[in-house]
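Order of listing sets the numbers, starting from 1, for every ligand and every atom in it.
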Amino acid sequence: MRRVTRRRPAEKRPKVVSLVGARPQFIKLAPLAPVLGKKFRHVIVHSGQHYDFDLSGTFFAQLRIPAADVNLGVGSGDHGRQTGRIIERFERFLATAKADLVLVYGDTNTTLAGALAAAKKSIPVAHVEAGLRSFKITMPEEINRRVTDHLSQLLFYPTKTARDNLRREGIDRGLVYSGDVMYELLDACLSGAKGKITRRKKFGLETGQYYLVTLHRAENADHPERLNKFLQILRLLNYPTLFLVHPRTEKNLRRFHLWESLKAIPELTILPPQSYLDTLFLLSECRAVLTDSGGLQKEAFFLGRPCLTMRAETEWVETVKAGANFLVDLSPEKVRRILASRPRPRVRRNYKIAGRKPSEIIGRAIASYLDGR
Ligand code: UD1
């Protein structure tokens with residue numbers, strides 16, 4: 001006999017609140033939103049950490065993420081101020097929201113603030129992309145992810161290394177091997193991003209004949225001597241180069257009087273941050289990417305494009321072990337050496353865990369956790 005599973009009427013479904021606020025979080029929310037929207041009363045709260053269209057609106061529009069139900073409008077500021085404002089405003093929201101669970105994503109100030117506010121209201125916290133560690137405690141993201149993991153009841157870890165990191169810290173309950181939601185999104189979007197001859201025309205670049213560059217981490221973008229080294233690296237690149245400049249980096253390059261020197265570099269095109277699909281297209285066709293972004297490191301790995309990471313360490317150690325990612329920090333010598341060796345990583349195709357998509361695994365795990373309460 002076939003079992004008939006009856007869905008609960010919408011108003012009786014548990015209420016799950018997703019708190020997002022920065023670019024990488026919109027990307028992680030995109031594949032999850034349809035799944036969560038079917039299973040739960042899913043409420044999307046935007047902290048307002050990112051507010052420029054290039055860093056926020058474009059992702060909602062292009063990836064068809066439902067508009068945020070609430071925007072806390074916190075904007076930019078020092079860590080304490082930004083984090084504090086999110087805690088205060090999100091706590092106020094939670095006071096009347098009757099949330100059954102709060103879902104936080106990645107490692108930004110929004111993630112930490114959401115986890116703290118929910119935990120103090122005794123609302124269960126679930127963390128997408130748990131267990132990542134750079135082991136560099138001075139990095140704001142490392143602080144955010146460590147605290148968030150210790151406040152979470154459900155920890156969706158993308159890799160086995162992440163699971164081992166959690167266990168080493170004594171976290172052994174609520175661990176769920178979900179795989180990587182970013183890979184799921186990339187896979188779903190790839191044909192759209194690749195198929196567009198118009199994109200090739202738009203950027204005027206030849207396949208495999210340009211470098212893609214981004215840099216935005218505080219440890220790089222906030223220090224004039226680091227930015228100077230970055231400029232040295234750009235000067236040695238021997239193919240046309242596209243630099244997608246984050247507002248934080250542009251602000252600091254101008255502040256430290258480096259903007260004019262940057263603009264004087266031959267064969268360098270400076271553009272604002274691009275949409276998800278345009279970035280994916282640019283990444284999929286580049287000769288190599290030079291970046292300090294965690295997301296781009298992984299996306300390059302999935303796409304089989306060589307990645308030179310302008311940091312001394314990475315959370316995505318698998319990409320380094322696989323010979324796809326090279327930690328060059330800001331050493332011109334290392335960059336020169338790696339590029340001369342012409343690395344050719346292979347494309348990764350499988351992102352499912354036992355045939356299931358990360359979004360399905362996360363949706364089911366939340367449902368069974370809430371059922372068991
Ligand atoms: C944040 C995250 C980082 C993530 C990145 C993705 C933290 C600690 N950092 O860094 O982990 O990789 O997002 O982009 O949460 N700004 C604008 N417009 C905006 C947003 C920011 O101009 O819409 C400028 C402001 O000058 C601001 C600066 O960028 O002061 C930094 O923004 P912030 O949100 O604090 O950190 P990100 O560098 O974007």
According to the salt bridge (Lys or Arg N to Asp or Glu O under 4.0 Å) rule, which pairs have a member within residues 97-124, sequence neighbours left out?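 Checked against salt bridge (Lys or Arg N to Asp or Glu O under 4.0 Å) - neighbours excluded - the pairs reaching residues 97-124 are Asp107-Arg145.
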At less than 4.0 angstrom from any non-hydrogen atom of His246, what atoms of ligand 1 do you find?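 Per the distance check, 14 (O), 29 (O), 37 (P), 38 (O), 39 (O).
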Looking at His216, which atoms of ligand 1 are within less than 4.0 Å of one of its heavy atoms?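 Those of ligand 1 that fall under 4.0 Å from His216 are 4 (C), 5 (C), 6 (C), 12 (O).
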Evaluate Arg92 against Glu88 for salt bridge (charged side-chain N to carboxylate O under 4.0 Å, His left out), listing each step before the verdict. CA-CA 6 Å; Arg92 213 178 297 143; Glu88 190 182 340; 3.3 Å; yes
Do any nitrogen or oxygen atoms of [X] lie less than 3.5 angstrom from nitrogen or oxygen atoms of ligand 1?
X      : value
Thr110 : no
His79  : no
Asn144 : no

List the atom pairs, with distances to 0.1 Å, where a side-chain N or O of residues 352-373 and a protein N or O form a donor-acceptor pair under 3.5 Å, not counting sequence neighbours.
| from | atom 1 | to | atom 2 | distance (Å) |
| --- | --- | --- | --- | --- |
| Ser359 | OG | Glu184 | OE1 | 3.4 |
| Ser359 | OG | Glu184 | OE2 | 2.6 |
| Asp371 | OD1 | Arg8 | NH2 | 2.8 |

Does the Lys NZ or Arg CZ of Arg287 fall within the cation-pi geometry relative to Tyr239 - under 6.0 Å from the ring centre and within 45° of the axis?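 Yes, cation above the ring, under 6.0 Å and within 45°.
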So does Asp180 pair up with Arg348, basic N to acidic O under 4.0 Å?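 Result for this pair is no, no salt bridge flagged.
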Which is it for Ser56 and ligand 1 at heavy atoms under 4.0 Å: side chain, backbone, both or neither?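 Within the 4.0 Å criterion, Ser56 makes no contact with ligand 1.
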To which protein heavy atom is atom 16 (N) of ligand 1 closest, and what is the distance rounded to 0.1 Å?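 That would be Tyr51 OH, 3.6 Å.
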